[in-house]
Amino acid sequence: MPLGGKSFHMRGFEESEVTLQRIEAIRALREQGIEPYGNRYDRTHSTAEAVALYRATVDPGAEKRETDSVKVAGRILSLRVMGKAAFGDLHDLEGSIQVYLKRDDLPEGVYNGLVKGLALGDIVGVEGPVFQTKTGEVSIHARSVTLLSKVINNLPPLKETEEPDGSIRRHYQFSDLELRYRQRYLDMILNRDVRESFRKRSRMVRIIRREMDRLGYLEVETPMMHHIAGGAAARPFITHHNALDLDLFLRIAPELHLKRLLVGGMEAVYEINRNFRNEGISIKHNPEFTMLEAYKAYGNRDTVMELTERLIATAVEELFESTKVTYQGVELDFARPWKRVTMLESIRQVTGLEVDIHEPVADLLRKAASVGLDLGPAETPGKIINTLFEEKVEPSLIQPTFVMDYPTEISPLARQRGDDPAWVERFELFIYGRELANGFTELNDPAEQYRRFEEQLLEREAGDEEAHEMDLDYVNALRCGMPPAGGVGIGIDRLAMILTDSPSIRDVILFPLLRPKE
RNA sequence: GAGCGGAUAGCUCAACCGGUAGAGCAGCGGCCUUUUAAGCCGUUGGUUCUGGGUUCGAGUCCCAGUCCGCUCACCA
């Protein structure tokens, strides 16, 4: 739709005095023959590169006081107009550079027609040599300015100054959490650390993929829409396929499909992708979240435990050039090897309690009560021990810790230990009291898997909505023979939280789920 | 799902016991050719989240609701 000529109105937007002025200004620019929404602009330098160029080519004693001309592009986030010259701060992904916009050094009409009307947030291209102002600020002396995008909305004002120690101090920050999450683009424009967090997350994922590739794992994609929501204990989202008139579930885990691939002959596979769980939202939970799941044929629990340690430690070492990371004021040390402890040992260490899964329930309940845990009489030994662990031990696991050996009854897909079928060969990784990863030796005995599913069905009938469903096709795959294997899931969002020092999972998910407004 | 807290100008926030709804920034106009939280002068801008109620009078008190945050529950 051609917008030239007259002002336009967009239904659904309540224009304010400011936005009406901006819309009128855009019309006026077009009348002058200035296109407010530019096309391709070939930058020669990022802002950081332009600064570096100046430092590299203009030495203090030389006669030459400026570099050759460069072209940069970005948003104007601060503008100081002083009569016939103006200074602006032009921000791009890497950083920012000051631009010096002098009327008499710009083409006729550009200063009055364009520069003086710049709004905070406008995207421009600036061409000119890099020099240093008398206050020492490396700046671009603009010889031309190209308008690339005019803002209509009145952006929150950004004021940031760099302290002598190099830290950025913000004034009048855009801080309303709801608006930040709802309008993430504004959050990213105005809060530099937000852009940094998401770049860091991206680098972290890239390191993990590279390591997986290096170890010979094949990256695959398995269905998001499942007939049976399996592979974890959680309530699913339901959706519907019209043509097939079929209810489907968004997957809660890719586990059962990835193991079908082991049956099919893939010996090492992984997937980094979304899972969906229809449960509460919290600082640690978003309904859709990203997991890495990996399976290694002929391996076991220890294979994937070592894999987990390697992936996370490598990411930490490369991102921080250290094994230490500070999270929420606590120093976490990822130097290998990490602490390993069995569930029973950890309970003994923290509570002093000697418990055993073959003890009578009454004894276990009494011991749990002695440390303040009042559990219902219907509990089973494995569940009591697990609750004891979750309530009393988990919060204390601050440094990276592998907890090994879990009760079979809460691990329906894991292989039992050879010496005691009440336990499975499983581990979970805890950091800062939070579960980061979960892995085990995969159960590849179809008859035993069938029996486990039947047990889960009983729990389901008893009211546990999250108990596993019977998946006969998966059992059929096991009947075709699955090699012994180790498998692991790593919570990518939670790892990103730790590596970006983010208090909430929403700070590492670009568009977290919120209720719609209105 | 429960408890607690919050919602006032574009942003960040004030408003005493219930008595004319304000400031800084941004916006607009003016001055200003090396500023950087630029400065100076002037100025616009409000359904105080929504709907009821109490009151001579409600941003403020009461009730209901919406949305957000925190804690808990849920979450292998």
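The shown structure was predicted, so the numbers you read here are calculated from the model rather than taken from an experiment. A note on names: the letters A, B, ... follow the listed sequences, proteins ahead of strands, and every chain is numbered from 1.
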> Does a side-chain N or O of A:S78 approach OP1 or OP2 of B:A38 to a distance below 4.0 Å, or not?
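Indeed, a polar side-chain atom of A:S78 lies that close.
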> B:C17 and B:G29: how far apart are their P atoms, nearest whole angstrom?
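B:C17 and B:G29 have their P atoms separated by 42 Å.
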> Could you tell me how far apart A:N191 (CG) and B:C11 (P) are, to the nearest whole angstrom?
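Answer to the nearest Å: 14 Å.
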> Between A:G83 and A:D89, which is nearer to the 5' end of RNA chain B once each is assigned its nearest nucleotide?
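Going by which nucleotide is closer to the 5' end, it is A:G83.
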> Can you see if the side chain of A:R80 gets near the phosphate of B:A38 - specifically, an N or O under 4.0 Å from OP1 or OP2?
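Result: yes.
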> Go through A:L413 and A:L443 one step at a time and tell me if the side-chain contact (heavy atoms from CB on, under 4.5 Å) criterion holds.
CA-CA 6 Å; A:L413 302 167; A:L443 177 58; 5.7 Å; no
> B:A15 and B:G59: how far apart are their C1' atoms, nearest whole angstrom?
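Straight-line distance between the two C1' atoms is 8 Å.
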> Could you tell me whether A:R180 contacts a base, only the sugar-phosphate backbone, or nothing, with contacts defined as non-hydrogen atoms closer than 4.0 Å?
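Since no nucleic acid heavy atom lies under 4.0 Å of A:R180, the category is nothing.
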> Mark yes or no for whether A:S139, through its side chain, and A:V99, through its backbone, hold a donor-acceptor pair below 3.5 Å.
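Answer holds: no.
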> From the list B:C74, B:U35, B:C32, which nucleotide is the closest neighbour of the side chain of A:E466?
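Closest nucleotide to the A:E466 side chain: B:C74.
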> Quick one: sort the A:H468 and A:F453 rings into parallel, tilted or perpendicular, breaks at 30° and 60°.
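The arrangement is tilted - the two ring planes meet at 30° to 60°.
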> When the C1' atoms of B:U8 and B:U50 are considered, how many whole Å apart are they?
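Their C1' atoms lie roughly 15 Å apart.
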> Under 3.5 Å, which N/O atoms of the protein pair with N/O atoms of nucleotides 4-9 of chain B?
none

> Can you tell me the pairing partner of B:U60 across any strand shown, Watson-Crick or G-U wobble, with both distances under 3.5 angstrom?
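Paired with no nucleotide.
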> For B:G45, which nucleotide in any strand shown is its Watson-Crick or wobble partner with both distances under 3.5 Å?
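Matched B:G45 with nothing under the 3.5 Å cut-off.
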> Counting only Watson-Crick or G-U wobble pairs whose two distances fall under 3.5 Å, which nucleotide matches B:A15?
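By the stated definition (distances under 3.5 Å), nothing pairs with B:A15.
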> Should B:C17 be called syn or anti, with syn set as within 90° of 0?
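B:C17: syn glycosidic orientation.
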> Measure from the side-chain heavy atoms of A:P156 and tell me the nearest of B:C68, B:C11, B:U34.
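Closest of the options to the side chain of A:P156: B:C11.
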> Does A:G439 reach a base, just sugar-phosphate, or nothing at all? Heavy atoms under 4.0 Å.
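No contact.
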> Specify the separation, in whole Å, of atom NE2 of A:H141 and atom P of B:U35.
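In whole Å, B:U35 P and A:H141 NE2 are 14 Å from each other.
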> Within the structure, does a side-chain N or O atom of A:R515 lie under 4.0 Å from either OP1 or OP2 of B:C68?
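Yes.
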> Send over the distance from A:R103 CZ to B:U34 P, rounded to a whole Å.
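Rounding to the nearest Å, CZ of A:R103 and P of B:U34 are 13 Å apart.
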> Taking B:A9 as the reference, what is the distance to B:C56 when you measure between their P atoms (whole Å, please)?
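Pairwise P distance, B:C56 against B:A9, rounds to 30 Å.
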> Expressed in whole Å, how much space separates the P atoms belonging to B:U60 and B:A21?
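Roughly 13 Å separates the two P atoms.
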> Is there a donor-acceptor pair under 3.5 Å between the side chain of A:R192 and the backbone N or O of A:G95?
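Between the backbone of A:G95 and the side chain of A:R192 there is no qualifying donor-acceptor contact (under 3.5 Å).
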> Starting at atom CG of A:L190, determine the distance to atom C1' of B:C25, rounded to an integer number of angstrom.
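Value for this atom pair: 13 Å.
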> State the pairing partner of B:U66; accept Watson-Crick or G-U wobble contacts with both distances under 3.5 Å, and report none otherwise.
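Base partner found: B:A7.
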> Closer to the 5' end of RNA chain B via nearest nucleotide, is it A:R235 or A:R506?
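In this pair, the answer is A:R506.
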> For B:C72, give the paired nucleotide (Watson-Crick: N1-N3 plus N6-O4 or O6-N4; G-U: N1-O2 and O6-N3; both under 3.5 Å), or none.
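In the structure as shown, B:C72 has B:G1 as its Watson-Crick or wobble partner.
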> Please state the P separation for the pair B:A58 and B:U48 - nearest whole angstrom.
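Result for the P pair: 12 Å, nearest Å.
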> Mind checking side chain to side chain donor-acceptor pair (under 3.5 Å) for A:N112 and listing every partner two or more places apart, or none if nothing turns up?
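A:N112 satisfies side chain to side chain donor-acceptor pair (under 3.5 Å) with no residue once adjacent residues are dropped.
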> To the side chain of A:S175, which of B:G1, B:G69, B:U12 is closest?
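Closest of the options to the side chain of A:S175: B:U12.
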> If you measure from the C1' atom in B:U43 to the same atom in B:G24, how many Å do you get, rounded?
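Those two atoms are separated by 16 Å.
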> Just to be sure I understand the rule, does A:L514 reach a base, reach only the sugar-phosphate, or reach nothing, if contact means heavy atoms closer than 4.0 Å?
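Touches sugar-phosphate only.
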> Would the distance check show the side chain of A:D493 and the main-chain N or O of A:A496 forming a donor-acceptor pair, the cut-off being under 3.5 Å?
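A pair under 3.5 Å: no.
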> At less than 4.0 Å, is any side-chain N or O atom of A:R182 found next to OP1 or OP2 of B:C67? Yes or no.
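Result: no.
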> Write down the partner of B:U34 under the Watson-Crick or G-U wobble criteria, each distance required to be under 3.5 Å.
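WC or wobble partner does not exist here.
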> Taking atom P of B:G10 as reference, at what distance in whole Å does atom CD of A:E15 sit?
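About 13 Å, once rounded to whole Å.
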> Dump every N/O contact between nucleotides 27-29 of chain B and the protein below 3.5 Å, one line per pair.
| from | atom 1 | to | atom 2 | distance (Å) |
| --- | --- | --- | --- | --- |
| B:G27 | O2' | A:Q21 | OE1 | 2.8 |

> Please examine the side chains of A:N273 and A:M224, heavy atoms only from C-beta on, and report whether any two atoms are closer than 4.5 Å.
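Counting from C-beta outward, A:M224 and A:N273 do come under 4.5 Å.
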> Can you check the distance between B:G30 and B:A23, where both ends of the measurement are the C1' atom (answer in whole Å)?
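Roughly 23 Å separates the two C1' atoms.
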> Mind checking what makes side-chain contact (heavy atoms from CB on, under 4.5 Å) contact with A:M305, not counting sequence neighbours?
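Counting only residues at least two positions away or on another chain, A:M305 forms a side-chain contact (heavy atoms from CB on, under 4.5 Å) with A:R301, A:D302, A:R340, A:F402, A:M404, A:F427.
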> Mind checking what makes salt bridge (Lys or Arg N to Asp or Glu O under 4.0 Å) contact with A:R103, not counting sequence neighbours?
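None.
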> Counting only side-chain heavy atoms from C-beta out, which of B:C68, B:U12, B:C32 sits nearest to A:M82?
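Side chain of A:M82 sits closest to B:C32.
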> How is A:A232 classified with respect to the nucleic acid when contacts are heavy atoms under 4.0 Å: base, sugar-phosphate, or nothing?
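Result for A:A232 = base.
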> Table please: side-chain donor-acceptor pairs of residues 432-440 of chain A below 3.5 Å, with sequence neighbours left out.
| from | atom 1 | to | atom 2 | distance (Å) |
| --- | --- | --- | --- | --- |
| A:R434 | NH1 | A:Y327 | OH | 2.9 |
| A:N438 | OD1 | A:R426 | NE | 3.0 |

> Side chain of A:F131: nearest nucleotide among B:C68, B:U34, B:U35?
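Side chain of A:F131 sits closest to B:U34.
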> Return the nearest nucleotide to the side chain of A:Y100; candidates are B:U34, B:C67, B:U35.
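The answer is B:U34, which lies nearest to the side chain.
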> A:F276 vs A:F237 aromatic rings, parallel, tilted or perpendicular, using cut-offs 30° and 60°?
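Rings of A:F276 and A:F237: perpendicular, over 60°.
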> Between P on B:A38 and CD1 on A:I76, what's the gap in Å once rounded to a whole number?
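Rounded to whole Å, this separation is 13 Å.
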> Does B:A21 pair with anything, Watson-Crick or G-U wobble, both distances under 3.5 Å, and if so, with which nucleotide?
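Base-paired to nothing in any strand shown.
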> Distance check needed: B:G69 C1' versus A:D507 CG, whole Å only.
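Rounded to whole Å, this separation is 12 Å.
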> So, A:D105 side chain and A:A142 main chain: donor-acceptor pair closer than 3.5 Å or not?
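The answer is no, because no donor-acceptor pair under 3.5 Å joins these two groups.
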> Is any side-chain heavy atom of A:M470 closer than 4.5 Å to a side-chain heavy atom of A:Y450?
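Yes. Closest side-chain heavy atoms under 4.5 Å.
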> Check if the side chain of A:T133 and the base of B:U35 share a donor-acceptor pair of N or O atoms closer than 3.5 Å.
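Yes, the side chain and the base share a sub-3.5 Å donor-acceptor pair.
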> Does the B:U35 base have a donor-acceptor partner in the side chain of A:Q98 within less than 3.5 Å?
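Per atom types, the contact qualifies.
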> Are there more than 12 heavy atoms of other residues, nucleotides or ligands under 6.0 Å from atom CD of A:Q32?
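Buried by this count: over 12 neighbours within 6.0 Å.
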> Let me know the distance between OH of A:Y111 and P of B:C32, rounded to the nearest Å.
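Distance, rounded to whole Å: 11 Å.
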